[in-house]
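Residue numbers begin at 1 in each chain, while the letters A, B, ... track the order of the sequences.
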Protein chains: 2
Amino acid sequence: MSDRRVLVNLRGLLTPDPARAWAVDRIPDAALALEGGRVAWLGRKEDLPAAWADAPKVDGGGAWATPGFVDPHTHLLFGGNRSGEFNRRLHGATYQQIAAEGGGIRETVRATRGATVHDLVASGEERLRAFRERGVVHLECKTGYGLELEAESRLTAAYAELQQRGWSLDVTLLPAHDLAPEFGGDAEANACAVAEDWLPELVKRHPGVARFCDVFVETGVYTAEQGRRILGAGKRLGLIPRVHADELSWTGGAELAAELGAASADHLMFCSEAGMKAMAAADVTPVLLPATTLFLGMRDWAPARKMIEAGCRVALATDFNPGSCPCVDPLTILRLGCLQLRMTFEEAFTALTLHPARSLRRDDLGHLHPGARAQVLLWDVEEMLELVYWVGEPYRPRFLTR
Amino acid sequence: MSDRRVLVNLRGLLTPDPARAWAVDRIPDAALALEGGRVAWLGRKEDLPAAWADAPKVDGGGAWATPGFVDPHTHLLFGGNRSGEFNRRLHGATYQQIAAEGGGIRETVRATRGATVHDLVASGEERLRAFRERGVVHLECKTGYGLELEAESRLTAAYAELQQRGWSLDVTLLPAHDLAPEFGGDAEANACAVAEDWLPELVKRHPGVARFCDVFVETGVYTAEQGRRILGAGKRLGLIPRVHADELSWTGGAELAAELGAASADHLMFCSEAGMKAMAAADVTPVLLPATTLFLGMRDWAPARKMIEAGCRVALATDFNPGSCPCVDPLTILRLGCLQLRMTFEEAFTALTLHPARSLRRDDLGHLHPGARAQVLLWDVEEMLELVYWVGEPYRPRFLTR
């Protein structure tokens with residue numbers, strides 16, 4: 001049976017143009033022809049090709065149609081939550097102090113190591129439903145709260161199970177998310193274990209599940225040299241690098257990402273101008289995480305405008321995780337992108353759709369041009385800008401289902 | 001018929017203690033006895049006095065009970081919206097640039113002058129419903145988008161109508177919200193008209209409607225001396241002063257508020273340390289508006305911690321208005337209070353309940369001690385801190401209705 005149909009009665013359609021870095025098509029009174037789960041044609045309704053004239057029509061109800069959001073940086077799976085530690089932070093303790101005392105990420109590592117694959121899948125699926133209700137149709141998801149082979153393997157198995165259940169997600173191996181307690185602070189030995197043992201074994205046990213590999217390059221965690229070694233090992237296993245870079249201090253993370261041809265460099269609050277130029281030249285996507293800046297009460301927002309001026313195709317992400325950003329809401333990210341990173345609406349929208357899809361090597365997501373997956377959101381607003389303007393309002397999209 | 005009843009099956013009850021500046025009672029397995037629309041007793045259920053043993057029970061469903069939020073700074077009534085200008089701002093224009101070109105507040109003044117009392121009441125009621133759904137049970141509401149007598153009078157009449165319809169709100173006359181276009185920038189003549197003509201006439205036409213008077217003391221608007229004159233005239237009419245103070249630059253607004261015994265000084269991003277001490281000594285409530293800082297993309301958050309350390313009873317508010325903060329959401333304020341103003345949860349909660357009620361001279365709001373109005377919110381969470389922790393989630397309270 002054919003699924004040919006045409007979405008009509010739209011106030012308009014807003015989509016990035018995959019052929020141009022920051023161009024957003026704004027088509028009033030639009031129609032969208034779909035077939036085989038893909039976009040076949042988009043344009044003004046009056047220009048609908050004759051071949052589509054007798055296809056079944058779907059009523060958009062006067063909404064704006066957009067592509068679904070793509071979130072290129074989440075730590076979806078973990079055990080426990082960190083609201084207790086959060087309260088300590090509100091009473092003045094810093095994230096770094098709590099981590100130094102064995103709390104912070106270590107607490108989540110303990111809870112995650114104690115979780116079964118079944119536990120992880122159940123909580124992961126609940127979170128994925130929350131993301132989807134808010135318009136996120138595809139996510140990048142990292143391991144990294146295991147910090148040892150068996151727990152990282154369970155995380156990878158849980159992601160594989162979620163993929164098999166039909167969730168659209170890309171998996172990134174991040175066993176180098178922090179120093180594992182077993183190594184007593186010996187980052188060199190820890191990096192060696194990740195590169196030589198854990199990554200090859202994870203790929204061997206779970207073939208085809210992960211597409212990316214990531215490492216936290218930061219003062220007190222892994223050096224750029226150790227990051228190079230880990231990501232190099234990942235590349236030899238077919239994993240494309242991503243880098244947690246220049247988050248709390250400058251450590252040359254953006255430069256490293258450019259050198260390795262990474263798909264993304266993420267966080268970047270302390271990115272150098274040389275790092276920005278290097279990312280632009282190497283087509284590394286800077287992935288900025290403004291809700292983390294908000295949640296940690298920091299004052300240094302990532303320099304989005306400078307990166308755009310340097311020629312970078314900036315993407316935005318939630319950074320969903322229990323310690324520094326318990327946020328599953330793309331609207332919060334869109335708003336912070338506009339209000340504090342000083343992106344225009346069109347830029348922030350592109351940074352939540354086309355550019356993250358590009359950084360995940362998914363050409364058929366993040367836009368609604370022909371060939372794109374038919375992941376269409378319908379927004380019952382007069383102007384899409386309202387989503388940012390009425391700050392604090394929980395707008396939710398409707399979905400165009402098959 | 002008696003309305004005696006006891007709210008039971010609560011996970012806990014959280015309320016400020018009106019007898020102590022920053023004390024929050026946290027009562028697990030609480031009960032709350034209500035009679036005559038007021039709180040009669042609160043405590044652990046096991047300690048419920050015998051006299052209440054046979055009163056009807058109301059099932060709290062295992063929720064946390066709290067007092068309703070009180071919002072001490074809104075510009076509830078205005079015509080039009082400013083999303084078009086907002087888009088210009090996202091493309092780089094500043095709030096001040098737009099205002100200098102005759103946009104900004106002037107645009108809202110034009111739309112408000114064109115609105116009937118009926119229009120204003122209708123849009124006001126819609127906004128009040130939105131506030132209430134989010135847990136706000138009492139608001140301070142300002143005139144100020146008329147900037148001339150007749151339009152300010154229509155705004156006051158609309159507020160009077162909303163009060164008559166049962167909405168719990170306090171009205172503040174703010175005809176000195178900006179310089180009126182008719183005065184061609186002559187602030188002195190404008191201040192004279194406000195003090196000598198408009199305020200007396202508004203009070204005469206609408207007796208008993210307004211309790212407060214406000215003025216925007218700022219570089220390029222009214223000087224402290226003009227503010228003193230306007231608020232002095234208000235005081236002689238029985239209106240308690242509030243002051244838009246030190247928002248965009250230091251102009252001695254906090255000091256002026258202390259000198260006049262004002263109920264509040266609002267905004268205060270550029271408040272001096274002397275101003276903080278003066279407010280503490282004169283018991284002026286600093287009303288901080290962090291969503292405005294967020295929405296305007298500013299980096300200077302009000303110094304809440306310094307004010308608390310100086311002995312001030314800080315309050316938080318939405319500043320709801322079309323130009324600098326289209327936000328009706330107390331959760332957004334609670335979160336920014338914790339995350340960016342660095343208040344503890346208990347402080348931010350008190351700053352959204354007890355302290356704003358106190359600044360509005362409403363002893364029976366903002367807490368749940370005996371005598372308080374039975375405005376009880378029920379939150380279906382394990383811990384109240386979750387409201388801040390799960391940043392971006394649109395928690396909504398249930399209401400205890402009569």
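- Arg82(A) and Glu107(A) are not joined by a salt bridge, as no carboxylate oxygen comes within less than 4.0 angstrom of a charged side-chain nitrogen.
- Heavy atoms of Glu393(B) lying under 4.5 Å from chain A belong exclusively to its side chain.
- At a threshold of 4.0 Å, the pair Glu125(A)-Arg132(A) does not count as salt-bridged, since none of the basic side-chain nitrogens sits closer than that to a carboxylate oxygen.
- Among the candidates Ser83(A), Gly92(A), Cys338(A), Ala130(A), the residue making the largest number of heavy-atom pairs closer than 4.5 Å to chain B is Ser83(A).
- Using bins of under 30°, 30° to 60° and over 60° for the plane-to-plane angle, the ring pair Phe86(B)/Phe295(B) lands in the parallel bin.
- Contact of Glu346(A) with chain B is made through the side chain alone, with heavy-atom distances under 4.5 Å.
- Looking at heavy atoms from C-beta onward, Phe320(B) lies out of side-chain contact with Leu139(B) at the 4.5 angstrom threshold.
- Glu347(A) does not touch chain B: none of its heavy atoms, backbone or side chain, sits under 4.5 Å away.
- Checking Gln340(A) against Arg299(B) by side-chain atom types alone, a donor-acceptor pair falls below 3.5 Å.
- With a 4.5 angstrom heavy-atom cutoff, Leu331(B) does not touch chain A via any of its atoms.
- Residues Ser324(B) and Asn321(B) have side chains that bring a donor and an acceptor to within less than 3.5 angstrom of each other.
- Put simply, of Asp329(A), Asn87(A), Leu339(A), Val388(A), the one with the most heavy-atom pairs under 4.5 Å next to chain B is Leu339(A).
- With a 4.5 Å cut-off on non-hydrogen atoms, Arg134(A) touches chain B through its side chain but not through its backbone.
- A donor-acceptor pair shorter than 3.5 Å cannot be found between the side chains of Asp25(A) and Thr15(A).
- Of the listed residues Cys327(B), Gly392(B), Pro326(B), Gly297(B), the one with more heavy-atom pairs under 4.5 angstrom with chain A than any other is Pro326(B).
- Residue contact with chain B, scored on non-hydrogen atoms closer than 4.5 Å, involves the side chain of Arg396(A) exclusively.
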